Amino acid sequence: PGRSAISLILLLFFLLGLVSFLTQKDSITNLTSKAYEVLENTNLPFPTPKPRKQVLICESEAQNSPSKPCNYYQVAGLQEAIDKAERFTDIIVYKGVYSNARLYVGVGNHPDIRNLRILGDHINATFDGGVRTEGQAIFTIGGDSSVVIRGVTMKNAWTAVYAKGKSRVKVAASVIEGQSEAGILSESQDEIKLRRNYIRNNPQTGILIRRGTATIENNLIYNNSGPG
């Protein structure tokens with residue numbers, strides 16, 4: 001008889017626990033359903049991508065066409081486009097050779113620009129610096145600017161990209177060669193990002209980081225005389 005009483009008590013505890021579990025499950029299900037109803041009936045302010053303005057740079061007027069009208073020409077035109085650029089601007093550089101390339105963002109009289117992208121035509125847009133004199137970079141980027149350079153070839157200068165100030169720079173999918181000091185030189189207090197580039201045939205150094213931090217991923221770096 002004692003064992004039967006104990007078994008009965010254990011069964012009662014089990015049944016009470018089962019009822020409590022089922023009650024809580026129904027409550028959680030009801031709360032979840034109500035939450036979904038609120039989400040479905042509420043216009044939440046989800047962020048939408050910022051539209052980007054596009055500007056086309058051409059080597060010559062022969063590249064102008066109704067389907068792709070050129071906005072500016074050669075290096076002087078590219079510098080003008082940079083100086084006039086607003087935030088979230090894409091400057092698309094058509095294939096060709098852009099000689100005596102020395103371009104400035106956020107330096108001297110050239111304004112800071114945020115979220116600027118300079119996009120080449122699958123490395124067929126070539127910036128030739130023309131001289132390798134100290135301080136003569138193809139792109140000098142300073143101030144508080146943030147710039148992406150992608151899909152171009154940069155050659156024959158002191159350095160292809162000189163980052164300084166508090167600038168944030170990303171160079172991707174580009175060819176950097178024939179620079180006298182370094183393929184890429186950063187003295188920025190912020191970060192420079194280098195991804196999927198060919199950095200080659202630079203008489204001194206491929207990459208020189210003097211200040212700040214760098215993210216360097218999946219680059220091919222070879223035939224540079226110095227380290228890096």
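Every value quoted in this text rests on a predicted model; they were computed, and no experiment measured them.
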Using the test salt bridge (Lys or Arg N to Asp or Glu O under 4.0 Å), find all partners of [X] that sit at least two apart in sequence or belong to another chain.
{"X": "Arg52", "value": "Asp90"}
{"X": "Arg210", "value": "Glu181, Glu187"}
{"X": "Asp121", "value": "none"}

Partners passing side-chain contact (heavy atoms from CB on, under 4.5 Å) against [X] (at least two apart in sequence or in another chain):
{"X": "Thr215", "answer": "Glu191, Lys193, Arg195, Glu217"}
{"X": "Asn100", "answer": "Arg102"}
{"X": "Val75", "answer": "Tyr98, Ala101, Leu103"}
{"X": "Ala214", "answer": "Ile192, Ile209, Ile216"}

Shortest non-hydrogen contact from [X] toward [Y]:
{"X": "Gly142", "Y": "Ser145", "result": "O-OG, 3.2 Å"}
{"X": "Tyr162", "Y": "Ala137", "result": "CB-CB, 3.8 Å"}
{"X": "Asn115", "Y": "Ser146", "result": "N-OG, 2.8 Å"}
{"X": "Gln74", "Y": "Ser99", "result": "OE1-N, 3.8 Å"}

Is the side chain of [X] donor-acceptor paired with the backbone N or O of [Y] at a distance under 3.5 Å, no angle test?
{"X": "Asn197", "Y": "Ser174", "value": "yes"}
{"X": "Arg168", "Y": "Asp144", "value": "yes"}
{"X": "Thr159", "Y": "Ala182", "value": "yes"}
{"X": "Ser225", "Y": "Pro203", "value": "yes"}

Fill in: ILVMFWY network linking Ile221 to Ile149, side-chain heavy atoms under 4.5 angstrom
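Yes; Ile149 is reachable from Ile221 via cluster members.
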Fill in: Within one Ile-Leu-Val-Met-Phe-Trp-Tyr cluster: Val107 and Met154, side-chain cutoff 4.5 Å
no
Practice prompt. Would you list the pairs meeting salt bridge (charged side-chain N to carboxylate O under 4.0 Å, His left out) in which at least one residue belongs to residues 58-83, sequence neighbours left out?
Written response: Glu80-Lys84
Fill in: Working for side-chain contact (heavy atoms from CB on, under 4.5 Å), residues Asn202 and Ile199
CA-CA 8 Å; Asn202 298 289; Ile199 303 174; 3.7 Å; yes
Item to complete: Establish, from distance only, whether the side-chain atoms of Ser67 and Ser65 form a donor-acceptor pair under 3.5 Å.
Response: yes
Using a 4.5 Å cut-off on heavy atoms from C-beta on, say whether the side chain of [Y] contacts that of [X].
{"X": "Ile184", "Y": "Ile176", "answer": "yes"}
{"X": "Gln179", "Y": "Gln204", "answer": "no"}
{"X": "Ile82", "Y": "Ile91", "answer": "yes"}
{"X": "Val55", "Y": "Tyr72", "answer": "yes"}
{"X": "Ser167", "Y": "Asp190", "answer": "no"}

Worksheet item: Thinking salt bridges, do Glu177 and Lys155 make one under a 4.0 Å N-O criterion?
Response: no
How long is the straight-line distance from [atom2] of [Y] back to [atom1] of [X], given to the nearest 0.5 Å?
{"X": "Ile57", "Y": "Tyr94", "atom1": "CD1", "atom2": "OH", "result": "14.0 Å"}
{"X": "Leu56", "Y": "Gln54", "atom1": "CG", "atom2": "CD", "result": "9.0 Å"}
{"X": "Lys170", "Y": "Arg117", "atom1": "NZ", "atom2": "CZ", "result": "9.5 Å"}
{"X": "Ile138", "Y": "Asp128", "atom1": "CD1", "atom2": "CG", "result": "7.0 Å"}
{"X": "Thr89", "Y": "Ile113", "atom1": "OG1", "atom2": "CD1", "result": "7.5 Å"}

Fill in: For Asp112, all residues meeting side chain to side chain donor-acceptor pair (under 3.5 Å), sequence neighbours excluded
none
Discussion item. Going by side chain to side chain donor-acceptor pair (under 3.5 Å), name the residues that satisfy it together with Asn201, two or more places apart in sequence or in a different chain.
Written reply: Asn223
Fill in: Among Asn219, Leu194, Val147, side-chain contact (heavy atoms from CB on, under 4.5 Å) partner for Val171
Leu194
Item to complete: Evaluate side-chain contact (heavy atoms from CB on, under 4.5 Å) for Val169 paired with Val161, printing each intermediate quantity in order.
Response: CA-CA 9 Å; Val169 179; Val161 177; 4.1 Å; yes
Worksheet item: What residue pairs, at least two apart or across chains, pass disulfide bond (SG atoms under 2.5 Å apart) with a residue in residues 59-156?
Response: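 Qualifying pairs: Cys58-Cys70.
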Practice prompt. List the steps and the verdict of side-chain contact (heavy atoms from CB on, under 4.5 Å) for Arg211 and Lys164.
Written response: CA-CA 9 Å; Arg211 196 176 183 184; Lys164 53 192 293 189; over 6 Å; no
Response to the item:
Apart from Ile123 itself, its cluster of hydrophobic side chains linked below 4.5 Å comprises Val175, Tyr198, Leu220, Tyr222
Item to complete: Can you spot which of Trp158, Tyr104, Phe127 makes a ring pair (Phe, Tyr, Trp, His ring centres under 6.0 Å) with Phe139?
Response: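 Only one option passes, and that is Phe127.
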